[in-house]
Number of protein chains: 2
Amino acid sequence: MTEPPAAGRARARSEHTRSAILETALRLFAERGYDKTTMRAIAAEAGVSVGNAYYYFDSKDHLIQGFYSRMTTEHVALTRERIAGETDLAARVGIALECWLEVAEPYHRFAGQFFRNAADPSSPLSPFSHESAPARLEDTALYREVLAGTSLRIAPEIADILPEMLWLHQMALVLYWVYDRTPGQRRTRELAKRTAPMVARIVTLSRYKVLRPLVRQAEALVRDFLIIDEGGNPAPPDPA
Amino acid sequence: MTEPPAAGRARARSEHTRSAILETALRLFAERGYDKTTMRAIAAEAGVSVGNAYYYFDSKDHLIQGFYSRMTTEHVALTRERIAGETDLAARVGIALECWLEVAEPYHRFAGQFFRNAADPSSPLSPFSHESAPARLEDTALYREVLAGTSLRIAPEIADILPEMLWLHQMALVLYWVYDRTPGQRRTRELAKRTAPMVARIVTLSRYKVLRPLVRQAEALVRDFLIIDEGGNPAPPDPA
DNA sequence: CTCCCTAGTTGAACGTGTTCAACTTCCAGT
DNA sequence: ACTGGAAGTTGAACACGTTCAACTAGGGAG
C-alpha cells in the first residue's frame, strides 16, 4: 500500500504525488502543529483528495514516519561531520546529542503530539517497532562510529552492546526534551552537556575489578531484554 | 467543573452520577479496551447522556486518572503488606515491582492505549503532570519506606534522591511492561527479578571511593533535572 | 406557597480521522 | 489501434470525541 511497484513514467507521477503529500504534511505540521493540521487541509494544500492521501499513507500517524526517518538521516550526517577529528569520547557523545537537539528543534512544538503516538506499542511509530527499524539502525550505527573513533580502551564484554546503550541514553534525553518547555530547550541541552561526560566515565570505570560482576549483569540484561528482533518485538531468547 | 460544591441530598445524587460514570467506564475499558469503548457507550451503559459525562469529566482521558490513582493506592497497600519482615533491600525492591505487575495485570490489554496519552506532556495523564502528583507522591513515599526498612547502610548524599530514582526505575519497568506481549507479562516479571538485585548492588557500591565523583554527579543531576515542582513542570533552579 | 437561581442534564450538531465503492488514467500485450 | 486490468484518484459517508444552547429539578429566600 506504500511502495508502488509500477515502472516507467507512471512511477514518477506516483512518486510525485506521494512526496507532494508528505512535504505538505511536514510543512503544515511545523507551521500549525500536529493536531491542528487536518487531513483535509493536507490534501487540499497538496492538491489531491483526502482518499488519495490515504492511498499513500495508511494513517495520519504514518505521515510522521517520513519525518522521523528524515530527521535521523540529518542527525547522522551532521554528527559525522562534527565529530571528525575529535577523539575524546565524552566530547563525541556530547556532539551527537547536541546535533540531535539541533536537528529536532524546529519540530519541538509538535513533538509532544508525535511521541504520544510513539508510546503506543501497537503503533508503527514506536521507536521499537518494525517500521522504525531503519531509523533505529541508522542511529545505533552512528553510535558505533562515535565509539570507534576514540582512543579510549573499552571493556570487550560490553563493546557489543554499548551502541544500543548510547541509543537508549539518547532516547531518555529525547523523553526529557519532549517535556522541556524552556526556550530553545535550554535545559535539555544542559542535561546533554552534563550526561555526556558521565557516560564516558562509566565506560572507563566499567573496567574496574569491583564493578566487573555488575557490568557483566548489565551486559546480559541488555542482551536479553533490549536487543530487538526483526519483528520489532523485544522478545529475545527465553531465560535459562 | 469536577468538584460539585453543593450540599444536602443533591450532593449525594451528584456523587452517585459521577461514580456511576466512572465505574462504567473502567469496566468497559477492561472489557473492550480503551479505544473500542466509546463515550456514547459509557453514557448509555451508565444511564446518562453523553453531555452529562462531559459535565463530570473534562474528556475521555480524564476518566483514566481515576484508574491510575486507584491502581497506585492498591499497589502501595499490597507492597506494604508484603515487605513487612523482609530486611534485604534487593528483596524489598523486587517485591515492590512484583506487586505493581500483579496489580496492573488486569489492565495490560488497554495499558498501551493508556500510556499513549500519558506520553503527551500536555496531557494531565503524564506521570510528571500536576494531576498525577498525588499518585506519584504516594509511590515515592512507598519507596522511601522500602529503603527505610532495610539494614543496609546508604551513602547519605544520595539518601534523599534514592526514592525518586527507584520510582524512575519502576517507570522504566512500566515502559517495558507496556511493550511486553508475552503471556502474563512473564518477561517483565523476569526483568524485575533481575534488576532488583542490581539496584541494591548499585546502592551498596555507591559508597566506594572510586565511584564518589560519579555518584555525586548523578545526585546533582537527579536533583537538578528530575525533581518535579508543584506545577508539574520539571523546571528546577537554573544551572549556575 | 411561590419565585428564582444554580447545579445538573439533555441530545442534536460540529469537526475530526478513516473507509469505500465508484470512477479515471495509463501501460502491456495482442 | 484496441482492450483488460492494475494503479491511481475521488468525495460522500461513517463513527468517533467534543461542544453548546436549551431544558429540568430542587432547595433556599421572601
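Remember, predicted model here, so these are calculated numbers, not experimental data. In what follows, chains are A, B, ... by sequence order, proteins preceding strands, each numbered from 1.
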Of the listed nucleotides dT9(C), dT9(D), dT18(D), the one nearest the side chain of Thr17(B):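 For Thr17(B), the side-chain atoms sit closest to dT9(C).
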Selection from dT9(D), dG8(C), dT9(C) that lies nearest to any side-chain heavy atom of Ser49(B):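 Of all the options, the side chain of Ser49(B) is nearest to dT9(C).
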For the pair made of [atom1] in [X] and [atom2] in [N], what is the distance, rounded to whole Å?
| X | N | atom1 | atom2 | value |
| --- | --- | --- | --- | --- |
| Arg32(A) | dT16(C) | CZ | C1' | 14 Å |
| Asp58(B) | dT19(D) | CG | P | 9 Å |
| Leu63(B) | dT18(D) | CG | C1' | 13 Å |
| Asp35(A) | dG17(C) | CG | C1' | 11 Å |
| Ile42(A) | dG17(C) | CD1 | P | 8 Å |
| Asn52(B) | dT24(D) | CG | P | 16 Å |
| Met39(B) | dC16(D) | CE | P | 13 Å |

Would you say [X] places a side-chain N or O within less than 4.0 Å of OP1 or OP2 belonging to [N]?
| X | N | answer |
| --- | --- | --- |
| Ser14(B) | dA7(C) | no |
| Tyr56(A) | dT9(D) | yes |
| Tyr55(A) | dT9(D) | no |

Short N-O contact, Glu164(A) and Arg223(A), less than 4.0 angstrom: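 Salt bridge between Glu164(A) and Arg223(A), a charged N being under 4.0 Å from a carboxylate O: no.
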Axial cation check for Phe225(A) ring with Arg187(B), 6.0 Å and 45° limits: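 Ring-cation test returns yes.
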Taking ring pair (Phe, Tyr, Trp, His ring centres under 6.0 Å) as the test, write out the residues that go with [X], two or more places apart.
| X | answer |
| --- | --- |
| His169(A) | none |
| His62(A) | none |
| Phe29(B) | Tyr34(B), Phe110(B) |

In residues 95-102 of chain B, what donor-acceptor pairs under 3.5 Å come from side-chain atoms, sequence neighbours left out?
from	atom 1	to	atom 2	distance (Å)
Glu102(B)	OE1	Arg82(B)	NH1	3.1
Glu102(B)	OE1	Arg82(B)	NH2	3.3
Glu102(B)	OE2	Arg82(B)	NH2	3.0

Protein-nucleotides 13-15 of chain D N/O pairs under 3.5 Å:
none

Contacts of Glu138(A) that satisfy salt bridge (charged side-chain N to carboxylate O under 4.0 Å, His left out) - sequence neighbours left out: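 With neighbours one apart ignored, the set is empty.
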